[in-house]
Amino acid sequence: MQFSPILTSFALLGALTLSCAPPVLAQTSASVNSGADETIQEMHRAYKRLDRKRLSAMLPQAKGHPLEPWGAYWELAARLDTAPSSEIQDFLSRYAGTYQEDRLRADWLAVLGKRRDWATFNAEYPKYRMSDDRSLRCYALLNEFNATGVGVAQQVEETWLAQKDTDDGCAAAAEQQLKADKLKAHSVWLRARLGLENDRPKVAAQAVALLGKDRAETLNTIYGAPAKYLTAKFTALRPPTKELVTLALIRLAVVDAAAAAKEVGKLRWKTQLTSEERSWVWGVIGKRAAQRLSSEALAHFEHADNKHLHDDHLAWKARAALRAGRWQVVQDAIAAMGEAQRKDPAWVYWSARALTKLSSTEAARAQATALLQSIASVKGFYEQLALEELGQRITAAPRPPALTPEEKEAARLNPGLNRGLYAILIGLRGEGTREWNYSTNLHVRGGMSDRELLAAADFACQREVWDRCINTSERTRSVIDSEQRFPMPFRDAVFHRAAQIGLDPAYVYGLIRQESRFIMDARSSVGASGLMQVMPPTARWTAKKIGLVNFRPEQINDRDTNIAIGTGYLKLVLDDFAGSMPLAAAAYNAGPGRPRSWRGQTGDPVMEAAIWAENVPFSETRDYVKKVLSNTVHYAALISGQPQSLKARLGSIGPREAGASDINVELP
């Protein structure tokens, strides 16, 4: 049975009050405090509007509420740029140790960095516990260099290049290092290349502006009309112009890879651009071709030197080589990756596979086995595949020893966990999730041990806040509680519906877990709703197909209706793809038209589904397919109590058989 969010929220109140009253006593005040919850919710809405007057007027009403720290944070954060330091310090002292204290300090540090108020910044930065804001890290490095002159250029470069969006802190630190001749202009051009390659023109413009406003103006021309820029009658190219030409070729590759391949192959660029510059351009062209699953991708990559490609280029080169069965190219691309990416389970697994494909020697087999053993576990997609390569099946991990009453009580009385759940249960899911994560995070105040994480997960499970239950349990390092990580809410409804239409309930659960984490009112940025994240047009179409009469759009968040429509649609796409779970999962996430094209054309070879999944062009769908199938195996092991095979569920994938027609060509 679902708990009432309001009643459950009041059951948490006791752990949040200064008097530490037992939670059961707090339940008696539900009718009194429902209005106080509305105050907090209205303050949140006012904060979103940056309505400072409304926030200040309502702040006294939030006093004494379990989420008072949030109300106080919103009110002060909305006017942080004008608030006196004494008021900020009073807030930090009053809410010491809370997520809100650390969040406000981070906000204040950003203001201090922009003001270049280094004295105050220096005093506050060491107290910032999250330490995960790259912009603040760059401000700290900028200030450190000002104060000591120590070498920070490498740290600045690494942090800046990792930033996806424009950023004052890292741009300022890069400019400082550039002027001090500690950072080379090439690093600035690398930042610009990444910006244009990923269609973030503001990132590229901010970087190039560090080298002169005239170059920033030229960049605008390049972004809008790269082909036109490249028709200019360039003579001997000076270094800045060569970099601008490289940026134009990168931009052209993004909008028209075929035209870029033709352009970069011209004699004038072969002679005037360096191997590094040409390799990067060919890396972008190869990546774009690989994302289109073009057979020409590897031919484009062959023009580039692996040592000049960045990790994203190399990943797509390895994927294209997997698809083509070019195992030596797979191995070489993985070997050229940076250490962090090379250690990703995906590339460890494919490196091991390449070793066994390329050599049958005892040494090669031993090396491949060592690689597989380094990642083999039940935890994830490639970890499970590694287990199977080693001759083992996937089973549910043995449950750890039961939590003690003392361990459960410590979680129940943790103020941050309580505030997090309380916020979630009154509709402030984003705020509640952030506070919950902060309270369990490994780098905050030493973090939680595995047993503490299990107890925190249990606290969320018992209150049916399934996303926090799952995500918290997933963070244990040395133990696994499969029943926490793979819960089965609404079991009767799911099993009944799955049996009714001939679906594997493990597959249904695997998909729901990935879609919504069992959040009943989940809603995506594109409008998908409910447990199975169904889009309104798909819901209307599927309701007609499965004979669900009198369906109304507002029913989509009703549990049973959502399960009926979601499973109905899943069954239709599964049948359309002849029972292929990977293809059906891709269709559920990205629409059926895309996996129909991704499976290849008549005459293309059949490939193992793991290779197909790794080559899915959309990163979201690629991750989705792998996680749904991995989840499915976990659920199957729990439901059946028997060892499972991920490979069996993956199967192989190739073009639709000649003469076969789409069963449901109108599938939305």
Side-chain angles (χ1 to χ4, degrees), residues 134 137-138 141-142 145 151-167 169-220 222-223 226 229-230 234 236-254 260 264 268-287 303-314 336-341:
R134 288 194 178 102
R137 173 63 176 154
C138 282
L141 291 169
L142 186 157
F145 185 78
V152 298
Q154 183 177 350
Q155 296 174 70
V156 168
E157 180 180 28
E158 290 174 355
T159 308
W160 189 38
L161 293 180
Q163 288 281 64
K164 290 184 177 180
D165 298 311
T166 54
D167 166 71
C170 289
E175 183 176 27
Q176 174 202 57
Q177 295 300 300
L178 189 66
K179 288 179 177 178
D181 200 28
K182 302 295 183 181
L183 189 71
K184 302 304 179 185
H186 182 62
S187 299
V188 179
W189 292 114
L190 289 182
R191 173 77 170 160
R193 291 182 195 178
L194 290 169
L196 284 192
E197 181 177 338
N198 294 293
D199 200 23
R200 293 189 173 93
K202 290 182 179 179
V203 168
Q206 184 189 54
V208 172
L210 298 182
L211 301 172
K213 290 185 178 179
D214 57 328
R215 290 167 191 166
E217 292 170 1
T218 302
L219 187 67
N220 290 332
I222 287 171
Y223 183 79
Y229 176 80
L230 291 166
F234 296 108
L237 298 183
R238 294 181 295 112
T241 307
K242 288 170 64 176
E243 288 288 1
L244 289 168
V245 166
T246 302
L247 292 179
L249 289 166
I250 289 170
R251 175 60 183 164
L252 184 59
V254 170
V264 75
R268 62 173 177 163
W269 305 134
K270 286 182 177 180
T271 57
Q272 296 215 54
L273 297 181
T274 66
S275 173
E276 188 271 342
E277 291 158 346
R278 292 195 310 276
S279 290
W280 191 294
V281 175
W282 281 113
V284 180
I285 295 169
K287 181 177 79 170
H303 292 286
D305 189 329
N306 280 350
K307 70 182 179 184
H308 296 315
L309 297 178
H310 69 67
D311 279 354
D312 198 32
H313 298 157
L314 291 164
M337 292 175 181
E339 183 180 6
Q341 180 160 297

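As the structure is a prediction and not an experimental result, all values here were calculated from the model.
- Here the side chain of Ser279 pairs a donor or acceptor atom with the backbone of Asp305 at under 3.5 angstrom.
- Of all the heavy atoms in His308 and Ser275, the pair that sits closest is CD2-OG, 3.7 Å.
- Put simply, the residue from Glu158, Glu157, Gln154 that forms a side-chain hydrogen bond (donor to acceptor under 3.5 Å, both in side chains) with Ser187 is Glu157.
- Using a 4.5 Å cut-off on side-chain heavy atoms (C-beta onward), Gln155 and Arg137 make contact.
- A side-chain contact (heavy atoms from CB on, under 4.5 Å) with Leu249 is found for exactly one of Val284, Leu273, Ile222, Leu244, namely Leu273.
- Scanning both residues, Thr274 and Glu277, for their nearest heavy atoms gives N-OE1, 2.8 Å.
- Looking only at side-chain heavy atoms (C-beta outward), Val281 and Trp269 stay at 4.5 Å or farther from each other.
- Taken to the nearest 0.5 Å, the NE2 atom of His313 stands 11.5 Å off from the CG atom of Asn306.
- The main-chain N or O of Leu237 is never found under 3.5 Å from a side-chain atom of Thr241 such that the two would form a donor-acceptor pair.
- In this model, no donor atom of one side chain and acceptor atom of the other lie less than 3.5 Å apart for Gln206 and Thr166.
- The side-chain heavy atoms of Leu190 and Arg193, taken from C-beta on, include a pair separated by under 4.5 Å.
- Under the 6.0 Å cut-off for aromatic ring centres, Tyr223 and Tyr229 do not qualify, their centroids lying 6.0 Å or more apart.
- Within the 3.5 Å criterion, the main-chain N or O of Trp189 finds no donor-acceptor partner in the side chain of Glu243.
- Classified by interplanar angle (parallel below 30°, tilted 30° to 60°, perpendicular above 60°), the ring pair Trp282/His303 is parallel.
- Once rounded to the nearest 0.5 Å, the distance linking CD1 of Ile250 with CD1 of Ile285 reads 9.5 Å.
- Note on Glu175 versus Lys179: salt bridge recorded, some NZ/NE/NH1/NH2 to OD/OE distance being below 4.0 Å.
- Side-chain contact check for Val188 versus Trp160: some heavy-atom pair is nearer than 4.5 Å.
- Checking side-chain atoms of Arg278 against main-chain N and O of Lys270 turns up a donor-acceptor pair under 3.5 Å.
- Minimum heavy-atom separation, Leu194 to Leu161: CD1-O, 4.0 Å.
- Using a 4.5 Å heavy-atom cutoff, the side chains of Asp199 and Arg251 are in contact.
- In Lys242, the NZ atom is crowded: over 12 heavy atoms of neighbouring residues, nucleotides or ligands sit closer than 6.0 Å.
- Heavy atoms only, all atoms of each residue included: Val208 and Ala192 are closest at CG2-CB, 3.7 Å.
- When all heavy atoms of Arg191 and Ala207 are compared, the pair lying nearest together is CG-CB, 3.5 Å.
- Between Leu211 and Leu178 the shortest side-chain heavy-atom distance falls below 4.5 Å.
- Between Ala153 and Lys182, the closest heavy-atom pair is CB-O, 3.4 Å.
- By the 4.5 Å heavy-atom criterion applied to side chains, Leu247 and Thr218 are not counted as neighbours.
- Judged by distance alone, the side chains of Trp280 and Glu197 do bring a donor and an acceptor atom under 3.5 Å apart.
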